[in-house]
Q: 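Okay, here's the structure, questions in a sec.
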Protein chains: 2
Amino acid sequence: MMELTRKGEYAIRGIVYLAGKPIDKVCLLSDIAAAVDVPPTFLAKIFQQFSKMGLVKSFRGTGGGFMLGRAPENITLLEVVEAVEGQIIPNRCVVKPSDCGRSDYCNVHPVWKRVQGEVRGVLEGVTLKELSTGEPASKTN
Amino acid sequence: MMELTRKGEYAIRGIVYLAGKPIDKVCLLSDIAAAVDVPPTFLAKIFQQFSKMGLVKSFRGTGGGFMLGRAPENITLLEVVEAVEGQIIPNRCVVKPSDCGRSDYCNVHPVWKRVQGEVRGVLEGVTLKELSTGEPASKTN
DNA sequence: CACTAAAAAGACACTTTATATCCTTTTAGG
DNA sequence: CCTAAAAGGATATAAAGTGTCTTTTTAGTG
């Protein structure tokens with residue numbers, strides 16, 4: 001339950017790799033894919049999503065590729081995950097309370113809200129900078 | 001992402017319903033299913049799992065049915081959820097670190113550990129008693 | 001004992017989501 | 001214009017989720 005998909009895992013690997021490069025370095029998708037051990041065609045889809053969200057910048061044609069859209073210390077893991085997985089929703093009642101069912105109030109609802117808040121909080125507290133260099137993230141564990 | 005399945009949602013509805021009844025009251029599966037608006041055949045599977053975990057006691061034959069296995073204040077939401085959904089695993093690397101990939105260390109790993117801890121913590125802090133009567137759970141939100 | 005009530009167990013069916021891959025199109029440089 | 005690279009769209013396969021149905025076991029009752 002509550003498991004990140006391969007897509008999410010690949011997305012993180014790919015963008016963390018980029019975050020470890022100089023900010024203006026343009027990387028080939030094929031190189032990234034090889035480096036982080038992800039199927040290139042799949043990673044392509046993921047980076048297209050990133051590109052739309054502005055998390056990465058893309059360049060087409062000869063000499064093209066990808067670079068990080070912003071400084072790695074300004075991109076949180078939450079953004080990355082939500083960019084490819086959609087919002088973090090522990091239960092659908094969080095987004096559509098009427099689904100809680102027959103009654104218009106449900107005691108479990110606020111619990112899921114809390115779960116959502118905690119998860120988002122953790123992920124929001126981690127930046128790509130930390131993930132690529134590896135300091136404070138591990139101190140919190 | 002991170003979404004509870006229907007099974008999990010139904011499981012909670014069903015057992016919270018039981019928790020709202022007198023502790024030794026035996027309820028028919030068909031009645032529970034009707035009360036909480038869940039397909040009876042599906043709920044049957046769920047309660048079989050509960051039964052194996054000791055969360056509910058079952059009685060077969062005429063006059064049979066289900067009752068709560070323990071006092072509702074001694075059953076946490078975490079137990080209920082994990083009984084039917086399995087362990088809460090935000091990423092497979094949490095359970096099998098070698099999946100983190102090529103290197104034997106990964107900076108993201110401890111983050112998922114924290115997520116797991118937070119989610120479990122929230123769910124562990126909520127009992128069926130609270131959910132069926134509706135007090136302290138909402139105060140925390 | 002036979003009959004009926006109810007849960008347990010197992011097999012099956014259908015739908016949705018996940019996990020890719022392939023092909024064509026667009027964009028840009030040389 | 002030829003080549004490099006990403007963008008977009010369609011498709012394929014596998015796995016998980018969501019149920020249903022049938023048969024079996026267990027237990028009470030006339």
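No hydrogens, no waters, no symmetry mates; every other heavy atom, side chains included, goes into these values. All chains are named by letter (A, B, ...) in the order of the sequence lines, taking the proteins before the strands, and each is independently numbered beginning at 1.
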Q: What string of B, S and - do you get for nucleotides 7-13 of chain D, 5' to 3', if B is base contact, S is sugar-phosphate-only contact and - is no contact with any protein heavy atom under 4.0 Å?
A: BBB----
Q: Run the numbers on B/Arg92 and A/Glu3 for salt bridge (charged side-chain N to carboxylate O under 4.0 Å, His left out), then give the verdict.
A: CA-CA 7 Å; B/Arg92 62 186 68 178; A/Glu3 199 166 331; 3.7 Å; yes
Q: Side chains of B/Phe66 and B/Ser58: does their closest heavy-atom pair fall under 4.5 Å?
A: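 The answer is yes; the side chains approach within 4.5 Å.
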Q: Specify the separation, in whole Å, of atom CZ of A/Phe42 and atom P of D/dA6.
A: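 So the CZ-P distance, A/Phe42 to D/dA6, works out to 17 Å.
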Q: For the CZ atom of B/Phe59 and the OG atom of B/Ser51, what is their distance to the nearest 0.5 Å?
A: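 Those atoms lie 9.0 Å apart.
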Q: Give a yes/no on whether any side-chain N or O of B/Tyr10 is located under 4.0 angstrom from OP1 or OP2 of D/dT18.
A: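 B/Tyr10 to D/dT18 OP1/OP2: no side-chain N or O under 4.0 Å.
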Q: How many whole angstroms separate atom NZ of B/Lys7 from atom P of D/dG17?
A: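 Atom NZ in B/Lys7 sits about 8 Å away from atom P in D/dG17.
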Q: Would a single hydrophobic cluster contain both A/Tyr10 and A/Tyr17, if residues Ile, Leu, Val, Met, Phe, Trp and Tyr are joined by side-chain heavy-atom contacts under 4.5 Å?
A: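 Yes, A/Tyr17 connects to A/Tyr10 through the hydrophobic network.
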Q: With a strict under 4.0 Å distance from non-hydrogen atoms of chain B, what nucleotide opens and what nucleotide closes the contacted stretch of DNA chain C, reading 5' to 3'?
A: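 Range of nucleotides touched by chain B: C/dT4 to C/dG10.
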Q: If you assign each of B/Gly8 and B/Gly63 to its closest nucleotide in DNA chain D, which residue comes earlier from the 5' end?
A: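 It is B/Gly8 whose nearest nucleotide is closer to the 5' end.
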Q: What's the CG-P distance between A/Leu43 and D/dA6, to the nearest Å?
A: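 In whole Å, D/dA6 P and A/Leu43 CG are 10 Å from each other.
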Q: Rounded to the nearest Å, what distance is computed from the CD atom of residue B/Gln49 to the P atom of nucleotide D/dT18?
A: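 Between P of D/dT18 and CD of B/Gln49: 13 Å.
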Q: From the options B/Val56, B/Leu18, B/Leu68, B/Val16, select the one residue that forms a side chain to side chain contact (heavy atoms under 4.5 Å, CB included) with B/Ile75.
A: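 Among B/Val56, B/Leu18, B/Leu68, B/Val16, the one that satisfies the side chain to side chain contact (heavy atoms under 4.5 Å, CB included) with B/Ile75 is B/Leu68.
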Q: When you look at B/Glu9 and A/Asn91, which way does the side chain to side chain donor-acceptor pair (under 3.5 Å) test go after all the steps?
A: CA-CA 8 Å; B/Glu9 164 72 17; A/Asn91 195 358; 2.8 Å; yes
Q: With sequence neighbours excluded, tell me which residues meet side chain to side chain contact (heavy atoms under 4.5 Å, CB included) with B/Ser30.
A: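 Counting only residues at least two positions away or on another chain, B/Ser30 forms a side chain to side chain contact (heavy atoms under 4.5 Å, CB included) with B/Leu28.
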Q: Would B/Val111 and B/Arg114 satisfy side-chain contact (heavy atoms from CB on, under 4.5 Å), going step by step from the backbone distance to the final call?
A: CA-CA 5 Å; B/Val111 178; B/Arg114 278 193 64 201; 5.6 Å; no
